[in-house]
Number of protein chains: 2
Amino acid sequence: MPENKLNSDTRERILDVAERQFMAHGFEGTSMRMITSMADVNLAAVNYHFGSKESLLCEVFRRRLTWLNHERLRVLDDLEQQAKGAPLKPSQILEAFFGTLMRIGEDESLGGMTFLRLLGRTLTDPAEFIRAFFAKEYAEVLERYKLALFRALPDVPKAEIVWRLHFMLGAMSYAIAGTDILHVITGHGIGDMSGKEEDEQSEAKKLSARLMPFLLGGLRAPLPQFSDSTRPQQVPLAKTARNQPQEKKP
Amino acid sequence: MPENKLNSDTRERILDVAERQFMAHGFEGTSMRMITSMADVNLAAVNYHFGSKESLLCEVFRRRLTWLNHERLRVLDDLEQQAKGAPLKPSQILEAFFGTLMRIGEDESLGGMTFLRLLGRTLTDPAEFIRAFFAKEYAEVLERYKLALFRALPDVPKAEIVWRLHFMLGAMSYAIAGTDILHVITGHGIGDMSGKEEDEQSEAKKLSARLMPFLLGGLRAPLPQFSDSTRPQQVPLAKTARNQPQEKKP
DNA sequence: CTATTATTAAAACGAACGTTTGATTCAGCC
DNA sequence: GGCTGAATCAAACGTTCGTTTTAATAATAG
């Protein structure tokens, strides 16, 4: 055969197919034979190139997360340099963290929605090696952004900020994963694969535009009244009120 | 041979152990042999009492969700009756929906935090039978609460409300699941089993007190500026071509 | 050309999986 | 006592899993 794929191609094809299959069926629900047959490579190719199924999953993530987390740190660095030591605004921090993520969904070469969905699902996977992998991979970024939020919201107890960072990660993961109860309401499924990538990119944009205000609203919500150290509930709300859905209550 | 309880006990013991193991290792990561050996029952007992592993998981959920969703409907009915036709406040609706859920975490006989964590994880599971099960089990409750939110926020586009309901479910699931990146920050793990039930109940209370303001803040956040130019919903997408083999690179 | 190295192919490995079988036990009833 | 039907048991079922092994193939170097 004239094709020369000595140094590549197979590897990338395995990663691409694995990414899609892990997204659609989960790690345990995806077999090596599904991956290798769909990628048109031999069964042994995965073990040859990656060593094991677990390592394959990690590599699927690493090739995307390396860019993502570097970019997140770079954007945060830029913001902090521009601010010249002043605390950043919460909206800037969220935009840097979640906006950077959403850019992946808009760019197929960065993984697209397929990778975003895989990420959303895998973040809650109970398997130990997965949690350990993410812990290592995310440690620096989370620490940096956590500190940035502490500085941005000096009057909010740190524990509260950590909780809300937690909630925001959850809202994002779940929203991204896509296959869930919500479709009971809206009535349309997601389609496991080949989901017409034509407007997947705009789908990411729409999701981002809707998720960001929600996260910001949650992050800056009034604190629970009984806060243990009883910090007065300084409420930094309504700085950027455009059109607020009103409630008939205080 | 001490007690002989022909009609029970084994069944309940299987359900209790299965609940805990599914929580700790996921559905695919939990084997029948793990369950039956830990419950001190014969391997065949699960298939005898429940028919299959999948049916076992469904039954684990059904015995808790029946109470939960009945209670959710009852509370909503009460609120709407008290309101005498007036729209409810968003905070009331969220309290009814998520507060009822949190009561499970505070009451061991309703499942406790073990069940909450299992629920949080399973809601994002890609397996088809799981999604179908939850769809059926949640359909009525979600429909009722969705309508209540529509009435409570008449000036917010319905699509936006559905999105935010989505985000809220995600924040809740993720927060509950517990085993995730956040522990990179806080530094303490969750412990797979027998996780010191001493203050699990107060843990549920703390979680609830912190989650609720966040959700309310997100729900009532300012809307994204473009309110109706793009419609992510209402796309029928009727053609669900499943399991299409991978595309050849052009 | 041969020797070498990298990659794929085909087959088989043992282990673990969910499930089924067939015998056995035991309470309750005619 | 003998029968019935629910419940439990040990053992094995056939399948699929991730991985390894062995051999063949293609490209490169000397």
Side-chain angles (χ1 to χ4, degrees), chain A residues 1-22 24-61 122 125-130 133, chain B residues 1-22 24-61 122 125-130 133 243 246 248-249:
Chain A
M1 285 315 249
E3 304 282 309
N4 183 356
K5 40 178 89 172
L6 257 189
N7 188 17
S8 69
D9 190 59
T10 350
R11 232 186 97 99
E12 288 297 312
R13 231 166 49 242
I14 290 175
L15 287 174
D16 288 341
V17 171
E19 186 173 74
R20 194 164 217 97
Q21 293 301 301
F22 286 149
H25 306 105
F27 177 72
E28 313 252 19
T30 302
S31 72
M32 303 278 267
R33 287 165 178 84
M34 288 170 58
I35 296 172
T36 52
S37 73
M38 280 186 151
D40 261 328
V41 300
N42 188 266
L43 176 59
V46 168
N47 286 301
Y48 175 79
H49 283 285
F50 303 99
S52 71
K53 187 187 178 186
E54 292 193 356
S55 300
L56 170 62
L57 180 72
C58 290
E59 191 53 37
V60 165
F61 277 105
T122 314
D125 198 294
E128 183 54 35
F129 84 95
I130 292 180
F133 174 79
Chain B
M1 262 331 204
E3 307 279 310
N4 185 0
K5 354 186 135 169
L6 267 185
N7 187 17
S8 70
D9 190 61
T10 355
R11 233 186 96 99
E12 289 297 312
R13 232 166 48 240
I14 291 175
L15 287 174
D16 288 341
V17 171
E19 187 173 73
R20 192 162 219 99
Q21 294 301 300
F22 286 148
H25 306 105
F27 177 71
E28 312 253 20
T30 302
S31 73
M32 302 280 266
R33 287 167 176 83
M34 289 169 59
I35 297 173
T36 52
S37 72
M38 278 188 152
D40 260 328
V41 301
N42 188 267
L43 175 60
V46 167
N47 290 93
Y48 175 79
H49 283 283
F50 303 98
S52 72
K53 188 187 179 186
E54 292 192 356
S55 300
L56 170 62
L57 180 73
C58 290
E59 191 54 36
V60 164
F61 277 104
T122 314
D125 199 293
E128 182 55 34
F129 83 96
I130 293 180
F133 174 78
N243 269 347
Q246 91 291 353
K248 289 285 191 180
K249 287 288 188 197

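Hydrogens, waters and symmetry mates are skipped; everything else that's a heavy atom, side chains included, is used. Residue numbering restarts at 1 for every chain, and letters A, B, ... go by the order of the sequence lines. Treat the numbers as computed from the prediction; the structure is a model and nothing was measured.
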Practice item. Using modelled atom types only, decide if a donor and an acceptor are shared between the side chain of Lys53(A) and the backbone of Phe27(A) within a distance under 3.5 Å. Key: yes
Review point. Which whole-number value in Å describes the distance from Met34(B) CE to dG18(C) P?
Key: 10 Å
Revision key, fill the gap. Separation of dG14(D) atom C1' from Met32(B) atom CE, nearest Å, is 16 Å
Review point. Whole Å only: how far is the NE2 atom of His49(B) from the P atom of dA7(D)?
Key: 6 Å
Check your understanding: Rounded to whole angstrom units, what separation is found between the CD atom of Glu28(B) and the P atom of dT16(D)?
Key -> 15 Å
Review point. Does Ser31(B) place a side-chain N or O at less than 4.0 Å from the phosphate oxygens OP1/OP2 of dC17(C)?
Key: yes
Check your understanding: Are side-chain heavy atoms of Glu12(A) and Leu15(A) found at a separation under 4.5 Å?
Key -> yes
Check your understanding: Using 4.0 Å as the upper bound for N to carboxylate O, is an ion pair formed by Arg13(B) and Asp9(B)?
Key -> yes
Review point. Quick one: is Ser52(B) getting a side-chain N or O under 4.0 Å of the dG18(C) phosphate, OP1 or OP2?
Key: no
Revision key, fill the gap. Whichever of Thr30(A) and Leu43(B) has the more 5' nearest nucleotide on DNA chain D, that residue is Leu43(B)
Check your understanding: Contact class for Ser55(B) (heavy atom, under 4.0 Å): base, sugar-phosphate, or nothing?
Key -> nothing
Check your understanding: When only distance counts, do a donor and an acceptor, one from the side chain of Asn42(B) and one from the base of dA10(D), lie under 3.5 Å apart?
Key -> yes
Point to revise | Atom-pair distance (NE2 on His25(A); P on dC17(D)), nearest Å | key: 12 Å
Review point. Rounded to whole angstroms, how far apart are CD1 on Ile35(A) and P on dC17(D)?
Key: 11 Å
**Study point:** 5' precedence on DNA chain C between Val41(A) and Arg33(A) (nearest-nucleotide basis)
**Key:** Val41(A)
Point to revise | Residues in side chain to side chain donor-acceptor pair (under 3.5 Å) contact with Asp40(B), at least two apart in sequence or another chain | key: none
**Study point:** Nearest-angstrom distance from the residue atom OH of Tyr48(B) to P of dT21(C)
**Key:** 15 Å
Revision key, fill the gap. The answer to which of Ala44(B) and Ala44(A) contacts DNA chain C further toward the 5' end, by nearest nucleotide, is Ala44(A)
Review point. dA7(D) phosphate, OP1 or OP2: any side-chain N/O from Thr10(B) under 4.0 angstrom?
Key: no
Review point. Phe50(A) has an atom CZ; how far is it from atom C1' of dG18(D), in whole Å?
Key: 16 Å
Point to revise | Close side-chain approach of Arg11(A) and Glu59(A), heavy atoms under 4.5 Å | key: yes
